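Everything on this sheet refers to the single structure shown next.
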Amino acid sequence: MDRHSRLAAALRGEPVDRPPVWFMRQAGRYMAEYRAIRERVSFLELCHDPALACEVTCQPVDRFGVDAAIVFSDILTIPEAMGCPVEFHPGRGPVLPEPIRTAADVERLVDPDIGSALPWVPETLRLFRAARPEVPILGFAGAPFTLLCYMVEGGGSKNWLALKQLLFQSPEVAQALLGRLADAVGAYLQAQVDAGAAAVQMFDTWAGILSPEDWRRFALPAAQRALSHVSGAPRIYFTRDSSPFLRMLPETGADVIGLDWRVDIAEAREVLGGMPVQGNMDPVALYAPPAEVRRRVHAICDAAGPRGHVFNLGHGVLPTTPLEGVEAMIAAVKERSG
Ligand code: CP3
């Protein structure tokens, strides 16, 4: 099968010659080619330059022969376009120096016209499709709840105290912002489908910090609303730490569920009623000897079954990951047969 039909079939639960493989953050600091570009430009400059972003998107495709690319960008481009500035400090993760805490803060934000506010990502998609027409490319966005986390907290957090105070003390303020984020995220994902994305992934990285009841109240309606704006390509919903409410995830309306590594993939497929899944190798397993990486890949593929599985890590690849681990993972997936 060619890479386009392999990915499309797996995302629809149809027969494949073997599972397709790509992985989250596949373009990034663990690659010397990426670090060389980052010596010349900042991360945000890279995101805002379609020619360079396309070059970086191609790097893991050319080096490892993955079955799909993911457009190079970041989930925090939407808060930035809404008027909530974002900074990246090496080693510290993203910082949003003007966090949103009150109804007045929410009112000050703008509802961007996605086409003109964020032209880089559709342009990068188009450049990639011209440069590597044989390789499907995924678009992505942060889920409304995960974007809310960063906007309210002002960055990453251990306990998400500011965020949860807003959710529990002023739920109407949080819901107003979630609704606006959902519409922006939906329009942004659809713009990527229109630019030729073979599928789109919505990252709800932090949804697992919520109780099942609060997930249903805050994260679910916003995820549903965002995904309801998107048609024409399969939609993947990814969360971490979501095993306690795995059975509710199909209610997002997604076509495919992205799994982290804390859940048994066979059990997950049973709970999800055979819905296609993506995942679920522990990113730190790539530091193991190649034979152990290979054993783990085969164990995941055996448990997932031959259909409706896109091989991936359970979260993004880490910056110090050894290339041998990545190579062993991809070689092992390519040993599989349908
Ligand atoms: O997967 C890919 O190859 C596509 C590119 C991609 C990036 N970020 C590039 C990036 C994607 C899909 C993302 C999504 C993203 N960004 C998420 C959701 C997925 C996840 O990992 O949970 C989140 C939470 C963010 C926010 C963000 N941006 C974080 C936490 C960081 C890491 C900060 C750090 O220094 O470790 C970033 C920066 C970032 N995004 C980098 C890359 C390659 C590193 C930037 C650099 O070059 O210094």
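Whatever order the structure lists ligands and atoms in, that order sets their numbers, starting from 1. Nothing here was measured: the structure is a model prediction, and the numbers come from that model.
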Task: Where Leu11 and Ile236 come nearest, the two heavy atoms and their spacing - done: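 Residues Leu11 and Ile236, closest heavy atoms: CD2-CD1, 4.0 Å.
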
TODO: Indicate the atoms forming the closest heavy-atom contact of Ala223 with Tyr237, along with that distance.
DONE: CB-CE1, 4.0 Å

TODO: Could you tell me if any non-hydrogen atom of Tyr34 lies under 4.0 Å from any atom of ligand 1?
DONE: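 Within the 4.0 Å threshold, so yes.
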
Open item on the list: Please determine whether any non-hydrogen atom of Gly316 lies less than 4.0 Å from an atom of ligand 1.
Closed with: no

Residue and atom name of the nearest protein heavy atom (relative to [atom]), distance in Å to one decimal:
| atom | answer |
| --- | --- |
| atom 23 (C) of ligand 1 | Ile75 CD1, 3.4 Å |
| atom 13 (C) of ligand 1 | Arg25 NE, 3.8 Å |
| atom 20 (C) of ligand 1 | His315 NE2, 3.0 Å |
| atom 40 (N) of ligand 1 | Asp74 OD1, 2.9 Å |
| atom 39 (C) of ligand 1 | Phe43 CZ, 3.4 Å |
| atom 11 (C) of ligand 1 | Phe140 CZ, 3.6 Å |
| atom 33 (C) of ligand 1 | Gly93 CA, 3.5 Å |

[X] neighbourhood, listing ligand 1 atoms whose heavy-atom distance to it stays under 4.0 Å:
| X | result |
| --- | --- |
| Val71 | 4 (C) |
| Gln26 | 1 (O), 2 (C), 3 (O) |
| Tyr150 | 24 (C), 30 (C) |
| Phe88 | 28 (N), 37 (C), 38 (C) |
| Phe203 | 12 (C), 18 (C), 19 (C) |

TODO: Return the option from Val317, Ile70, Thr205, Leu138 holding the heavy atom at the smallest distance from atom 4 (C) of ligand 1.
DONE: Ile70

Task: Closest to atom 34 (C) of ligand 1 (judged by heavy-atom distance), picking from Met24, Arg92, Arg29, Arg38 - done: Arg29

- [ ] Report the C-alpha separation of Glu14 and Arg307 in whole Å, then their side-chain angles, then the decisive distance to 0.1 Å, and conclude whether the salt bridge (Lys or Arg N to Asp or Glu O under 4.0 Å) test is met.
- [x] CA-CA 6 Å; Glu14 292 161 6; Arg307 287 189 191 189; over 6 Å; no

Modelled atom types, side-chain donor and acceptor of [X] and [Y], under 3.5 Å:
| X | Y | answer |
| --- | --- | --- |
| Arg336 | His298 | yes |
| Asp74 | Thr77 | no |
| Trp160 | Gln165 | no |
| Thr239 | Asp204 | no |
| Gln201 | Gln278 | yes |

Would [X] and [Y] pass as an ion pair if we require N to O under 4.0 Å?
| X | Y | result |
| --- | --- | --- |
| Asp260 | Arg240 | no |
| Asp255 | Arg12 | no |
| Arg40 | Glu45 | no |

If I apply the N/O under 3.5 Å rule, does [X] come out as touching ligand 1?
| X | answer |
| --- | --- |
| Trp22 | no |
| Ala27 | yes |
| His89 | no |
| Trp206 | no |
| Thr146 | no |

- [ ] Could you tell me whether Phe145 and Phe218 have their ring centroids closer than 6.0 angstrom?
- [x]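 No, the ring centres sit 6.0 Å or more apart.
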
Open item on the list: For a 4.5 angstrom cut-off between non-hydrogen side-chain atoms, does Glu134 reach Asp2?
Closed with: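 Answer no - side chains too far apart.
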
TODO: Have a look at ligand 1 and work out which part of Phe238, if any, has a heavy atom under 4.0 Å from it: side chain, backbone, both or neither.
DONE: neither

Open item on the list: With a heavy-atom distance limit of 4.0 Å, tell me whether Ser73 approaches ligand 1 through its side chain, its backbone, both, or neither.
Closed with: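 Ser73 to ligand 1: backbone contact only, side chain stays beyond 4.0 Å.
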
- [ ] Please report the C-alpha distance between Glu251 and Arg216 in whole Å, then the side-chain angles of each, then the deciding distance to 0.1 Å, and finally whether the salt bridge (Lys or Arg N to Asp or Glu O under 4.0 Å) criterion is met.
- [x] CA-CA 9 Å; Glu251 292 179 50; Arg216 184 176 280 288; 3.0 Å; yes

